[in-house]
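Worksheet: the structure to be examined is printed underneath.
Chain letters run A, B, ... following the sequence lines, proteins first, then strands; residues in each count from 1. Computed from a prediction, not measured in an experiment: that's the story for all the values here.
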4 protein chains.
Amino acid sequence: MENKEVGQEQLTEKQQRIVDAAIEIFAAKGYSGASTSEIAKKAGVAEGTIFRRYKTKKELLMSIVGPMISKVIAPIIVKDFDKVITADYKDFESFLRAIFSNRLKLVEKNQILIKIAIQEIPFHPELKEKLFEVVGKEVFKSICQRIEDFQLKGEIVKIHPKLVVQLIFSSLFGYVASNFILFPERSVHQDNELEHTIQFILKGLRQY
Amino acid sequence: MENKEVGQEQLTEKQQRIVDAAIEIFAAKGYSGASTSEIAKKAGVAEGTIFRRYKTKKELLMSIVGPMISKVIAPIIVKDFDKVITADYKDFESFLRAIFSNRLKLVEKNQILIKIAIQEIPFHPELKEKLFEVVGKEVFKSICQRIEDFQLKGEIVKIHPKLVVQLIFSSLFGYVASNFILFPERSVHQDNELEHTIQFILKGLRQY
Amino acid sequence: MENKEVGQEQLTEKQQRIVDAAIEIFAAKGYSGASTSEIAKKAGVAEGTIFRRYKTKKELLMSIVGPMISKVIAPIIVKDFDKVITADYKDFESFLRAIFSNRLKLVEKNQILIKIAIQEIPFHPELKEKLFEVVGKEVFKSICQRIEDFQLKGEIVKIHPKLVVQLIFSSLFGYVASNFILFPERSVHQDNELEHTIQFILKGLRQY
Amino acid sequence: MENKEVGQEQLTEKQQRIVDAAIEIFAAKGYSGASTSEIAKKAGVAEGTIFRRYKTKKELLMSIVGPMISKVIAPIIVKDFDKVITADYKDFESFLRAIFSNRLKLVEKNQILIKIAIQEIPFHPELKEKLFEVVGKEVFKSICQRIEDFQLKGEIVKIHPKLVVQLIFSSLFGYVASNFILFPERSVHQDNELEHTIQFILKGLRQY
DNA sequence: GATGAATGAGAATTCATTCAT
DNA sequence: AATGAATGAATTCTCATTCAT
């Protein structure tokens with residue numbers, strides 16, 4: 001399972017194997033629980049090899065999670081957001097579906113990385129900050145603005161736009177977290193579950 | 001901040017201090033990231049003292065998280081569930097409010113413990129199993145049953161009861177996770193946010 | 001060869017053995033060339049034992065050299081200096097002999113420590129500073145003052161007192177360095193060598 | 001600061017840069033404290049490049065210090081020694097001044113190299129031996145012989161010639177060590193200090 | 001000749017755990 | 001029960017050295 005999405009700026013083959021191994025082990029045991037020797041063994045390299053490119057174990061983590069936040073989390077929300085923003089969605093439902101449909105694929109594709117990110121964010125203020133920056137500044141505003149548009153058109157309930165966003169993403173996050181992180185083996189995320197979740201949000205935000 | 005709720009069966013004062021210190025440090029750094037010597041220092045006891053009662057570090061974790069799952073997680077859902085089940089809630093809204101109102105207090109009261117549990121569950125199959133047992137077997141059935149009642153009365157949408165439960169608890173979990181674990185410093189969980197969340201769920205589950 | 005002079009504030013027996021081993025190995029290989037595992041082996045303790053008391057290898061060095069500077073170097077010059085100052089030495093010769101006689105015993109007794117200090121001072125600014133402080137501030141002034149007395153009495157040449165001190169201690173340092181550090185195995189420091197050195201300084205500083 | 005004096009037999013430009021970098025870093029951190037990768041970085045070459053010419057790190061040190069001992073230390077004492085020996089110095093003072101004057105320039109010019117040599121000699125028996133050979137055999141005898149001449153003429157005190165040499169060079173070494181190695185930043189080696197040192201030795205060795 | 005990725009032995013340090021007091 | 005010195009295995013990291021390109 002390669003994660004070519006992340007951090008492959010001129011990595012040698014061995015370094016790429018290190019990154020892949022690290023991803024797997026960080027996901028399985030968490031950052032603190034993973035040992036560099038285990039990573040090296042799984043990658044089939046000498047332990048010292050890890051430290052040629054990454055000065056510290058933490059740098060290895062950051063090289064995985066840091067870019068991921070900008071390259072995966074952000075796109076999950078922002079990607080094609082120009083289109084979403086520009087595109088004149090005929091209604092809120094289209095908007096919501098647009099968000100869910102292609103974004104959930106990104107989530108699925110980057111499951112492990114997201115698992116690592118969610119697991120480690122509580123322990124690494126830098127990551128928290130980065131997430132805030134990426135999500136907060138770049139995305140939040142534009143989404144909120146869009147929400148207001150739909151509110152003005154009377155399509156969704158007139159509560160604080162921030163709250164609308166939180167409700168949508170709480171549902172999304174709850175869905176993701178329970179399916180991917182807490183109980184990944186369950187894999188009950190059938191299509192209709194997703195559809196019902198969308199319906200749930202749609203109705204939950206309806207005005208009357 | 002004492003957590004008298006958990007594991008105080010005949011603990012000496014020092015042992016109680018150890019538990020309190022462990023809770024704080026496990027929450028801040030995770031199980032693997034916490035060291036027993038740090039815990040001992042914060043508790044103001046000798047390093048060896050920890051191992052008098054708890055044979056291993058892991059046993060210390062389990063003594064905190066294990067009981068917590070039965071004593072806190074379960075009550076969050078089950079407590080007074082006899083009443084909930086017995087009580088003839090006049091409608092689904094009452095039922096939902098009943099769940100949220102007193103349960104969210106439990107969550108707030110046990111914030112740290114829940115943080116630890118959520119952080120560690122992915123790494124400890126035993127915990128996962130215990131959670132399944134407690135939540136799954138004891139609670140899930142009865143909640144589902146109750147949901148079916150409301151569905152028969154036509155109060156909520158007729159989708160698979162399990163999904164209804166997941167939607168409700170996804171919202172709840174999203175709310176809890178984002179407020180308590182990911183961004184505990186934000187503390188925007190104002191009252192009206194909660195109210196809107198309830199409204200959101202109510203409408204989201206309405207039939208038409 | 002115990003070095004009970006230094007740093008034995010409530011050391012356990014093992015810790016004392018660590019210090020002794022460290023002194024021997026630091027002296028033989030220098031700080032960077034010595035490994036903690038070698039020290040542990042020579043001390044007959046587990047490597048981890050070193051780090052119970054000394055957080056780092058450097059702290060171990062400092063615990064040896066730091067106190068030594070105040071407790072050995074300083075006394076070499078200052079010890080009984082009250083007497084030297086108070087005592088009305090009938091002439092400069094008595095003064096010089098007083099300095100040399102009992103002080104050189106201190107040097108001999110602390111050979112190894114002095115060797116380490118001299119070897120490491122160039123690489124550790126902290127040590128240099130400490131030496132300056134101890135020697136410079138506490139000692140230099142009072143010696144210089146004493147020198148001036150002898151100059152006024154016409155016993156020694158009237159050049160800058162600082163220079164007199166430097167000439168005396170250059171001779172002393174040259175003697176110590178070549179005998180103890182550079183060529184310790186030669187051990188030609190016979191009594192008459194010392195006597196001639198004193199005569200040499202005496203005549204070298206005579207006025208006419 | 002190039003040290004063209006040493007080891008430039010057919011060195012490529014890169015190899016010369018390696019030598020220069022090594023000199024700087026060996027001086028600053030000592031042999032054990034210096035890492036080849038740091039040297040490579042400072043020299044602006046690849047890590048492997050060092051090992052093309054020098055099979056080991058130690059060989060690099062030896063290529064610097066070894067030749068230095070013959071090419072710098074020896075000349076300090078021997079250079080023009082034919083002249084010194086042949087030349088009929090009219091008195092001991094001229095002899096002493098001849099030694100000091102042009103030799104101290106050599107010392108100053110090769111400060112760093114001498115610093116390295118003095119720092120490393122205690123740890124490398126080969127260097128000690130080489131120094132003995134060069135200094136001891138080639139120089140010592142002829143100096144001693146010369147000293148005896150002056151003693152016969154009644155110009156200097158009649159103690160063992162070896163001791164005379166040691167007294168002279170102790171003063172010289174004390175001067176060099178304190179000015180260049182221990183406290184290089186002080187740089188108080190003013191001209192008159194030197195003059196006074198010479199006067200000090202002269203008088204110290206006078207007969208009556 | 002030069003490079004720099006890779007190595008593996010070993011360095012410093014951490015840490016859960018034991019045990020004599 | 002409590003202590004805290006001691007342990008030794010494991011962990012992170014360093015570094016001289018090799019070798020294919």
Side-chain angles (χ1 to χ4, degrees), chain A residues 10-15 17-18 32-40 43-60, chain B residues 11-15 18 31-41 43-60, chain C residues 10-15 17-18 32-40 43-60, chain D residues 11-15 18 31-41 43-60:
Chain A
Q10 78 268 19
L11 288 184
T12 65
E13 190 235 337
K14 298 213 171 192
Q15 294 294 345
R17 284 206 324 257
I18 288 170
S32 293
S35 86
T36 51
S37 79
E38 197 185 356
I39 293 172
V45 302
E47 205 173 344
T49 306
I50 294 176
F51 294 93
R52 274 200 62 79
R53 170 161 286 258
Y54 308 99
K55 274 197 285 293
T56 62
K57 182 187 165 192
K58 183 151 190 180
E59 203 179 295
L60 174 57
Chain B
L11 288 184
T12 67
E13 190 237 337
K14 296 213 171 191
Q15 296 294 347
I18 287 171
Y31 169 75
S32 294
S35 86
T36 51
S37 77
E38 196 185 354
I39 292 171
K41 207 161 72 184
V45 302
E47 293 183 51
T49 308
I50 293 176
F51 295 91
R52 183 137 290 277
R53 166 165 281 259
Y54 307 99
K55 272 199 289 292
T56 64
K57 183 186 168 193
K58 184 148 191 179
E59 207 179 292
L60 174 58
Chain C
Q10 77 270 18
L11 287 183
T12 66
E13 189 236 336
K14 299 216 170 192
Q15 295 292 345
R17 279 194 345 243
I18 288 170
S32 293
S35 85
T36 51
S37 78
E38 198 185 354
I39 292 171
V45 301
E47 206 174 344
T49 307
I50 294 176
F51 294 92
R52 271 200 66 79
R53 171 163 286 257
Y54 308 101
K55 274 197 285 293
T56 63
K57 183 187 164 192
K58 182 150 193 182
E59 204 178 295
L60 173 58
Chain D
L11 287 184
T12 66
E13 190 237 337
K14 295 211 171 192
Q15 296 293 348
I18 288 171
Y31 168 76
S32 294
S35 85
T36 51
S37 78
E38 196 185 355
I39 293 170
K41 206 160 75 183
V45 302
E47 292 183 53
T49 307
I50 293 175
F51 296 91
R52 183 137 289 278
R53 167 166 279 260
Y54 309 99
K55 272 199 286 294
T56 64
K57 183 187 168 192
K58 184 149 193 181
E59 206 179 293
L60 173 58

**Request:** Starting from the 5' end of DNA chain E, give me the residue, C/S32 or B/K55, whose nearest nucleotide shows up first.
**Result:** C/S32

**Item:** Most 5' of D/S37 and A/K58 on DNA chain F, judged by nearest nucleotide
**Value:** A/K58

**Asked** So do A/Q15 and A/V45 actually touch side chain to side chain, heavy atoms under 4.5 Å?
**Response** no

**Item:** Listed partners of C/E47 passing salt bridge (charged side-chain N to carboxylate O under 4.0 Å, His left out), at least two apart
**Value:** none

**Request:** With sequence neighbours excluded, tell me which residues meet side-chain contact (heavy atoms from CB on, under 4.5 Å) with B/E38.
**Result:** B/I25, B/K29, B/S35

**Request:** Round to the nearest Å and state the distance from B/K57 atom NZ to E/dC15 atom P.
**Result:** 8 Å

**Item:** B/I50 side, atom CD1; B/E59 side, atom CD - distance, nearest 0.5 Å
**Value:** 12.5 Å

**Request:** Tell me what B/T36 touches on the nucleic acid: a base, only sugar-phosphate, or nothing, going by heavy atoms under 4.0 Å.
**Result:** base

**Request:** Select from A/T56 and D/F51 the residue whose nearest nucleotide in DNA chain F is closer to the 5' end of that strand.
**Result:** A/T56

**Item:** D/K58: partners by salt bridge (charged side-chain N to carboxylate O under 4.0 Å, His left out), with sequence neighbours left out
**Value:** D/E126

**C/I39 side chain reached by C/L60 side chain, heavy atoms, under 4.5 Å** = yes

**Asked** Could you state the OH-P distance from D/Y54 to E/dA2, rounded to the nearest angstrom?
**Response** 11 Å

**Message:** Counting the atoms with a prime plus P, OP1 and OP2 as sugar-phosphate, which does C/A34 contact under 4.0 Å by heavy atoms, base, sugar-phosphate, or nothing?
**Reply:** sugar-phosphate

**Prompt:** Can you list the residues that meet the ring-ring contact (aromatic ring centres under 6.0 Å, His included) rule with B/Y31, with sequence neighbours excluded?
**Reply:** B/F26, B/H124

**Prompt:** Atom CD of D/E59 to atom P of F/dT18: distance rounded to whole Å?
**Reply:** 11 Å

**Each stem that DNA chain E is part of, given as range with range (3 or more consecutive Watson-Crick or G-U pairs, under 3.5 Å)** = E:2-21 with F:2-21

**Request:** Kindly compute the distance separating CD1 (D/I18) from OH (D/Y54), expressed to the nearest 0.5 Å.
**Result:** 7.0 Å

**Fill in**
In 5'-to-3' order, the base (B), backbone-only (S) or no-contact (-) status of each nucleotide in nucleotides 2-8 of chain F, using a 4.0 angstrom heavy-atom cut-off, is BBBBBBB

**Asked** Can you tell me how far P of E/dG4 sits from CD1 of D/I18, to the nearest Å?
**Response** 13 Å

**Message:** How many whole angstroms separate atom CZ of A/R53 from atom P of E/dT7?
**Reply:** 15 Å

**Message:** Taking side-chain contact (heavy atoms from CB on, under 4.5 Å) as the definition, give me every residue that meets it alongside A/S32, ordered by chain and number, with sequence neighbours left out.
**Reply:** B/S32

